[in-house]
Amino acid sequence: MQLVIVESPAKAKTIEKYLGGDFHVLASYGHIRDLPPKDGSVDPDNGFAMSWENYGDKGKQLKAIADEAKKADRLILATDPDREGEAISWHVQEVLRAKKALPQKVDRVTFNAITKAAVTEAMAQPRALDEDLIDAYRARRALDYLVGFTLSPVLWRKLPGAKSAGRVQSVALRLVVEREREIESFTPQEYWSVAAEMEQGGQGFTARLVRWKGEKIDRLTIGKEGDAMAAKADVEAGRFTVEKVETKPLTRNPPPPFTTSTLQQEAARKLGFSASHTMRIAQQLYEDGAITYMRTDGVQMDGSAISAARKAIADRYDGGYLPEKPRQYQTKAKNAQEAHEAIRPTEFGRDKAGSGDHARLYDLIFKRALASQMASARLERTTIDMVDGSGSHTLRATGQVVIFPGFLALYEEGRDDSEDDDSKLLPRLSEGDAPAKKKVSAEQHFTQPPPRYSEASLVKRLEELGIGRPSTYASTLQVLKDRDYVRVEKNRFFAEESGRLVTAFLERFFERYVSYDFTAGLEDELDDISGGRAQWQAVLEAFWRDFKPKTAEVMEQKPSDITAELDKFLEPMLFPPKADGSNPRACPMCGDGQLALRGGRFGAFIACSNYPDCKYTRKFGQPGGKDGEDTGPEVLGQHPETGQDIMRKSGRFGPYIEMGEGKEAKRGSIPKDLPDGELTLDWAVKLLSLPREVGLHPETGKPIVANIGRFGPYLLHDGKYGRLSSTAEIFEVGMNSAVVKLAEAATRGGRGAAREPLKVLGAHPRTEAEIKVMEGRYGPYVTDGTTNATLPKTVTPEALTLEEAAQLIDAKAASAPAKKGKKKAAPKKAAAKRDSASKKPAAKKASVKKTAAPKAPAE
């Protein structure tokens, strides 16, 4: 018997169909072991020796693999064809060796697509494990461990509120933070544009002013309204005739097939997918045999695939869409990984695969790969210059027309932040023509700061800098979100306070290790290891030699000294010069205190030097008082009953209201559904009056209370809760409505209460158990009656497919802790005692039953 090891059960099922009865395919469910998250897992003083630990939830699977391996004549390691795949195979081999279950013959096979032809060909060409790739994996894993477990403790102790740092993670965060700084420091410039609406032969077009009073006009030339109105008047007064018509042919070539990076970028632009969601769907398409391997930097396609693509083009279109020669692409990405094919369909005769998000992503991959072998698009760009009678003013109109669409008939690449490309059609004009002038307009504009990064543009920038691996970008960006270092709004990254502070700390004290050149240089060295050009321990030694003393030096500094240094480092951002020349550090509350950065239990903030006499504070993330700076407490008015001042303040957890001082003060958070602009004295009085007693429940006689909690407005009665839809409803809900809402909440979420599924997907393709989508306390989840799996945030119940749900359940089941065998054995022992006891006198029988009873629930 020959044992084949792959990563996932879906891949195992697909491959087993292609192999004979002599083969048994098992899944490892990804990595089976890792460095334990504790000190000493990597020992720099002992040649960077690593202490690996098996994942606790893989015990059952490892036992199954070991049991089968003992019976096998040959072990075939068929994990993915990249560094991670090589590492998984190596880990499996090492674990089996330790268990003394390693077959005498061990082979490594790789295939770029899960098709019968690819798998069969790979099985016929086995090789040994690639030691260089394994060394590169070990170096990368040790490097990330040493950075994380050496730098993160420094952050925890010297920078309250900071969570972690990482070799690539921190550099990616720096990009986001630097873009935020660029936007904040950007000063908009006013400029005006003058344009005329023209018409010729019944067809309208727009021409813009490009020369005024004989001077060429750039974008910022007309900077004042007065000049714009004067230019508008000159255009209105002039009679313009065509002086020059220039037509230029243009050729656009198709983009190459997808790499990991470009797939993530394009899926973000066109489908709105996050990088992690794109990779998850692509992994499943690969395991289903629909596409080639999805972790690659290569843009080339196999010769047979190119032939298949050209045939598909010839079948779909006429001969003009097929170029005379096949197109050949070369990888230009820095640090390109092992030479794999680009991401493409395994069959160009198959234009659809899967459903929902799977179908959408497959369609994108199919069209991009097919278009890469199509003819170039031919376009024509026309520029028309029109001059007035004085020759002093010139209007220009530009247009673009597609002469032959070529690959554009199937696919056009998206753009991150595109500008108008003047692709409008123009009427046919000749020199001397005088088109009619319908309207002249002058529009005010302001220069715009650079756009915040989207997932697509951030991935593109990381790749351009040669930082990280495209296959790890998805997890890197997810860590930044999970750590709350960034937030995503409308698919754009915004730097959070904690992210900005961590970046400032690293730039000030570890500048070298978050520099782009240094990080990219490390990637080069790791690639040298994988190519056999460098020794992995030597690379780690060179890094550790400088990094360890630096962290020790920073660790010795007092937190107050760290804060003082950050205060100086961040002064241009936190305290920029004021327009009136006044002291930017002057406290706006007491007048004579000086503002400075302070560190607290929950992070950094700005405070007055006269504390505790002056309690002025503002958030760290409010540079120079911009964007809603807290200029001190705002008195909303006096409470109508107590006469005390009610003040609006801002704290580290957001805006709040306060009445009174010290321990007797009454405070309340300002709800998110109550914008600051609507916070009136009446609302403040209402909020301070909470909790509100609605009345006594007609059945129990116990009070029903309305209040605001951690998760929003709610009702409380006898220890049971019901949700309210808004803050306003807290003060409006009556007894009848409250009783109904509490009853509905009990029916919906009470223990043992039956709930209707949101959706019934059908039978599990492998276990045949019925899969349902349910609404849970923490969001929707899928269940087969035995295993529950939470839906990822990027997947909606409406778009979820049966196969996607089955994959989620399989993954959850695989990660569940294995049940201990000893507890299962207990009931059998109890049963044996009962059997023997039945042959004894009644009194002893009763005694045995009493002893065995507590073990019964273990069955």
Side-chain angles (χ1 to χ4, degrees), residues 159-161 177 180-181 183-188 494-501 504 560 562-639 644-662 664-672 674-681 683-684 687-688:
L159 203 65
V177 170
E180 201 76 34
R181 292 173 187 163
I183 293 170
E184 289 172 353
S185 63
F186 182 81
T187 302
F494 289 73
E496 295 283 24
E497 286 185 22
S498 54
R500 298 178 67 134
L501 190 62
S560 57
I562 297 285
T563 304
E565 285 297 318
L566 289 176
D567 180 82
K568 296 177 187 175
F569 182 77
L570 292 168
E571 184 172 25
M573 182 197 87
L574 297 176
F575 312 106
K578 293 191 174 182
D580 60 4
S582 60
N583 180 8
R585 286 183 178 264
C587 177
M589 183 182 291
C590 69
D592 61 345
Q594 295 292 298
L595 300 182
L597 184 68
R598 294 286 184 266
R601 181 180 176 186
F602 301 104
F605 60 98
I606 308 301
C608 177
S609 58
N610 285 338
Y611 178 85
D613 295 330
C614 177
K615 293 184 172 63
Y616 173 86
T617 63
R618 77 166 186 244
K619 292 183 180 181
F620 162 78
Q622 293 172 341
K626 294 180 182 178
D627 300 325
E629 173 196 354
D630 174 27
T631 55
E634 173 190 354
V635 178
L636 298 173
Q638 286 72 43
H639 194 284
Q644 291 178 296
D645 285 345
I646 298 178
M647 294 181 289
R648 179 199 175 280
K649 294 185 173 183
S650 183
R652 289 189 288 278
F653 303 105
Y656 66 97
I657 50 176
E658 179 181 87
M659 181 176 69
E661 295 182 1
E664 303 300 321
K666 189 162 187 180
R667 301 179 181 87
S669 296
I670 299 175
K672 291 183 179 179
L674 185 69
D676 290 352
E678 295 181 14
L679 181 64
T680 61
L681 177 61
W683 265 113
L687 293 171
L688 289 171

* **Sequence-distant partners of Glu658, side chain to side chain donor-acceptor pair (under 3.5 Å), two or more places apart** => Lys649, Arg667
* To do: Measure across Leu597 and Thr563 and return the closest heavy-atom pair with its distance rounded to 0.1 Å.
  => O-CG2, 3.3 Å
* Please list, chain by chain and in numerical order, all residues satisfying side chain to side chain contact (heavy atoms under 4.5 Å, CB included) with Pro584, sequence neighbours excluded. => Phe575, Lys578
* Asked: Of all heavy-atom pairs between Arg500 and Val177, which one has the smallest distance, and what is that distance?
  -> CA-CG2, 4.0 Å
* Asked: Can you find a pair of side-chain heavy atoms, one from Pro588 and one from Tyr616, that are under 4.5 Å apart?
  -> yes
* Search all heavy atoms of Ala684 against all heavy atoms of Ile646 and return the closest pair with its distance. => CB-CG2, 3.8 Å
* Excluding sequence neighbours, so at least two apart, what forms side chain to side chain contact (heavy atoms under 4.5 Å, CB included) with Phe494? -> Glu180, Arg452, Arg487, Glu489, Arg492
Enumerate, atom names and distances included, each donor-acceptor pair closer than 3.5 Å involving a side-chain atom of residues 606-613, sequence neighbours excluded.
| unit_1 | atom_1 | unit_2 | atom_2 | d |
| --- | --- | --- | --- | --- |
| Ser609 | OG | Gln594 | N | 2.8 |
| Ser609 | OG | Gln594 | O | 3.4 |
| Asn610 | ND2 | Asp592 | OD1 | 3.0 |

* Validation row: Gln638, Asp645 side chains within 4.5 angstrom (heavy atoms) -> yes
* Got a sec, which residues hit side chain to side chain donor-acceptor pair (under 3.5 Å) with Ser582, two or more places apart in sequence or on another chain? -> Asp580
* Asked: What closest approach, in Å, do Pro572 and Lys568 show between heavy atoms, and which atom pair accounts for it?
  -> CD-O, 4.1 Å
* Could you tell me which residues satisfy side chain to side chain donor-acceptor pair (under 3.5 Å) with Arg585, sequence neighbours excluded, listed by chain and number? => Asp567, Glu571
* Structure fact -> Between the NE2 atom in His639 and the CG atom in Leu688, the distance rounded to the nearest 0.5 Å is 6.5 Å
* Asked: Which pair of non-hydrogen atoms, one from Ala586 and one from Gly591, has the smallest distance, and what is that distance?
  -> CB-O, 4.5 Å
